[in-house]
Amino acid sequence: MTAHQPATPLLDLSRVKIDPGTALRLAANLALRRQILPLYISDGQIFVACANPKDTAALQAVERTFGKRVVAQAAEPAALRRVIEEVYRMSADPPAAHGQTGAATSPTEDGDPEGAVALTNELLHAAIIRQASDIHLDPSRHELHVRFRVDGVLEVSRTLPRAVHAAIISRLKVMAGMDIAEKRSPQDGGFAYRWGSSAQPRTVDIRAATLPTRYGERMTLRLLGLQTAQFTLERLGMSSGDFAWVEQVMQRPHGLVLLTGPTGSGKTTTLYAMVRQLAAQEPLNIVTVEDPIEYEIAGVAQVEVEAGDKVSFGKALRSILRHDPDVLMIGEIRDRETLDIATKASLTGHLVLSTLHTNSAPSAITRMRDMGAEPYLLAATLRLVVAQRLVRRLCQQPGCRKSRCLTAAEAAALGLTDTEHHDVHEPGGCVYCAGRGYEGRVGLFEVMPIDEDLSARISANAGEAELSAELRRRGHQTLRDDAAAKVRAGLITAREALAAVNYF
């Protein structure tokens, strides 16, 4: 039996998350001919978008394919056709190794007896549809496990026979410009993958890394900048007060602005959002030094650090300062030399944006002192430190979230009181989030603007505890405060919040 929902509004397909493992099980010619697209499976039902929810023959064909009851929802025909073409029509252009144009071919794969090319393209395409940031190919004794990282969480995509492992890895090595004969040493490479419909082709840069394991080489692929372009400072999740501080500091002509947090906390995304906003405001000479370049920004000179010694952070920065930049973005301050150049550049009239690995905003001061920065120099140059984390955002569609009461233990951990009046939410599931209950991620922020008083404290070697106490006295939010506010607002779950700020 099939069902449709004629009273519901048309699906906004630009916001619908598609499960590629579901969509790609339907024959492409059927989807294109009958204009029907499987979206996800939940509770024994297959949810589909279609141009005509009353097309009984098409719905029954889907039901026979999946063996599940079909729930159909109408979508605007032209938009649906574009999405179907994007999902099912692979780009005919060959991938380009190392981001260059040109074919990547291998004499060892003539005839493609194992279907390695088609299967590899299918895996890459599925990851793009799922909006994954990483693909993990992990061999075991009998199988090859394919996992995607989506919204910061690993999920199983497919489990393939062990026999296809070598062919897929070899194919990806060729695409990434690696040595296919070398299997005992780690390798790095990259390529540009073209995808999408013929009318609207797109390109995503992919970085590849191999690692020898007991059962063969594992490979990790990072899809660079697939979603970064969507984010502006306004959309990152800062409170209005924190956003005002950031905007105010960015209007200054010089100084050092730092984003802090662990790997995967969204620091680079925030840096890109800052650079894009600065580039859009007024004519500026903006130069970046990155490892790697994750997203191309129009009007910005971007320099990529190489694995060898030809273009290191230090060499690139010393050269860039001779090119009269107004704004300098450094992907990461990772050593004393980079820190020294960054602080001196900010002292001599440049606005410098960068990242640092620390847990909180005040701890950035300690970290830079440990790296050899003089307190007086930090006090003179530092203008803003922003600590951040990324957590999964609950789907905000009506009826998707489930409400419950906050427990006393959760409230205490989040620094909240009066738990009787705190309703919180858990993930539900709807067509817009592929039944998972989450829709993207949102940032948690701790903003520390450096005024004259804090500069004086930093110059006098104030510790983290003193700086933190002063920020709280002024009413600035900590990461935990921001997490608690987003829990109460129904944006994130209490579990996600506590996992992100559990160092307190």
May I ask you to decide if [Y]'s main-chain N or O and [X]'s side chain share a donor-acceptor pair within less than 3.5 Å?
| X | Y | answer |
| --- | --- | --- |
| Glu446 | Gln388 | no |
| Lys183 | Pro212 | no |
| Ser354 | Ile330 | yes |
| Gln35 | Leu32 | yes |
| Glu182 | Arg184 | yes |
| Ser265 | Pro262 | yes |

Can you confirm whether Tyr295 sits close enough to Thr268 that some side-chain heavy atom of one is under 4.5 Å from a side-chain heavy atom of the other? no

If the condition is salt bridge (Lys or Arg N to Asp or Glu O under 4.0 Å), which residues does [X] pass it with, not counting sequence neighbours?
| X | result |
| --- | --- |
| Asp134 | Arg222 |
| Glu439 | Arg15 |
| Lys486 | Asp482 |
| Arg25 | none |

Once ring pair (Phe, Tyr, Trp, His ring centres under 6.0 Å) is applied, do any residues pair with Tyr40, and if so which ones, sequence neighbours excluded?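 For Tyr40, the residues satisfying ring pair (Phe, Tyr, Trp, His ring centres under 6.0 Å) (neighbours in sequence not counted) are Phe47.
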
Could you check whether [X] pairs with [Y] (Lys NZ or Arg NE/NH1/NH2 to Asp/Glu carboxylate O, under 4.0 Å)?
| X | Y | result |
| --- | --- | --- |
| Arg81 | Glu86 | no |
| Lys173 | Asp179 | no |
| Glu63 | Lys68 | no |
| Arg207 | Glu304 | yes |

For Arg141, enumerate each residue passing the side chain to side chain donor-acceptor pair (under 3.5 Å) test, keeping only those at least two apart in sequence or located in another chain.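 For Arg141 the side chain to side chain donor-acceptor pair (under 3.5 Å) partners, ignoring immediate neighbours, are Tyr215.
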
What residues, two or more places apart in sequence or in another chain, satisfy side chain to side chain donor-acceptor pair (under 3.5 Å) together with Glu234?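 For Glu234, the residues satisfying side chain to side chain donor-acceptor pair (under 3.5 Å) (neighbours in sequence not counted) are Thr232.
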
Run Val303 and Glu290 through side chain to side chain contact (heavy atoms under 4.5 Å, CB included) and show every step you take. CA-CA 6 Å; Val303 178; Glu290 306 172 58; over 6 Å; no

CZ (Arg214) with more than 12 external heavy atoms under 6.0 Å: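 12 or below, so no.
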
Tell me whether the count of non-hydrogen atoms from other residues, nucleotides or ligands lying under 6.0 Å of CG in Asn29 goes above 12. yes

Listed partners of [X] passing side chain to side chain contact (heavy atoms under 4.5 Å, CB included), at least two apart:
| X | value |
| --- | --- |
| Ala280 | none |
| Arg401 | Leu394, Gln396, His425 |
| Asp291 | Val305, Phe313, Arg334 |
| Ile36 | Leu26, Arg34, Val48, Cys50, Ala58, Leu59, Val62 |

Please, which pairs that meet side-chain hydrogen bond (donor to acceptor under 3.5 Å, both in side chains) have at least one residue in residues 153-164, sequence neighbours excluded? Glu122-Arg158, Arg130-Glu155, Arg162-His165

Minimum heavy-atom distance between Leu356 and Ile333, given as atom pair plus value: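 For Leu356 and Ile333, the tightest heavy-atom pair comes out as CD1-O, 3.5 Å.
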
Just one of Arg404, Arg392, Lys402 clears the salt bridge (charged side-chain N to carboxylate O under 4.0 Å, His left out) bar with Glu426, so which one?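 Single pass found, and it is Arg404.
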
Between the side chains of Thr493 and Glu496, does any donor sit under 3.5 Å from an acceptor?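 Checked: Thr493/Glu496 side chains show no N/O donor-acceptor pair below 3.5 Å.
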
For Gln187 and Glu217, does a side-chain donor sit closer than 3.5 Å to a side-chain acceptor? no

